[in-house]
Amino acid sequence: MIVTDTHCHLYWNSFDEDRSEVLARARAAGVQRMVVVGTEVETSRSAAELAESDPEIWCSAGIHPHDAEGSDPVARERIRELASRERCVAVGETGLDWFKEFSPREAQLDSFAWHLDLAADLDKPVIVHCRDAHEATADLVSSHRLRRGVMHCYAYGPDELAPYLEAGYHVSFSGVVTYPRNEANREAARQVPLDRILVETDSPFLAPQGHRGKRNEPALVVPILERVAELRGMTPSELAEVTSANAARLFGLPGS
Ligand SMILES: [Zn+2]
Ligand SMILES: [Zn+2]
């Protein structure tokens, strides 16, 4: 079984003590491939370093909506340089977060639009974070020329899927799909076309049920995959093959 964790933040300081053990546990669990996602200039640089140190790790470069206030011309120039590198397979994470609203909405909208333009210019997919901002996100995604991306940590139900699928985006399920109250999210996981579905941990955040409140790590994409496989009436290894092939195609990884 070859599993791909399409979204993790392995550079996070909670991994500083035992990053090599975390990677070894991931590989032992079948999680061969990972995409390490940047959230601002420094973390995008750290993600690039990790990707350059391991042939089965790739990275993205972008400015998280929480940090959108810092999405100024200097930061954007650095992100453009990092995103242009060979090991960088996506632009982001970007998007809109109306829940925490750590940056003003105007700054988030402006930064998101800039990332969509960058992804289109570089011909790379975009990684979109969306929390309590479905309508504004769908508007931007639908009206932009970019037709390649992923709705990361998709936390909505089946009713919100249409604009993203119509725009050609993939939909990635996280630990959220394992939480007891999230039946609507499980219904979305049943309905996403099989050629658009991905899995991710978003580690160190959002540990799946049974591990909640603890640090998440890439090995724990396996229980997420198992839950989604059960919802789809597939075996975990069948779904692992499908989601890894989807990730390879979306991010242009070897074997796609
Ligand atoms: Zn996110
Ligand atoms: Zn993330």
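In listed order, ligands and their atoms are each counted from 1.
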Residues D72, R78: salt bridge by 4.0 Å N-O rule: no

Partner residues of Y169 under the ring-ring contact (aromatic ring centres under 6.0 Å, His included) criterion, sequence neighbours left out: none

Pair E183 + R190: basic N to acidic O under 4.0 Å: yes

Co-membership, hydrophobic cluster, residues I197 and L250, 4.5 Å side-chain: no

Carboxylate-amine/guanidinium contact R87 E52, below 4.0 Å: no

More than 12 heavy atoms from other groups under 6.0 Å of CD1 on I2: no

Total protein N/O/S atoms whose distance from the Zn ion (ligand 1) is less than 2.8 Å: 3

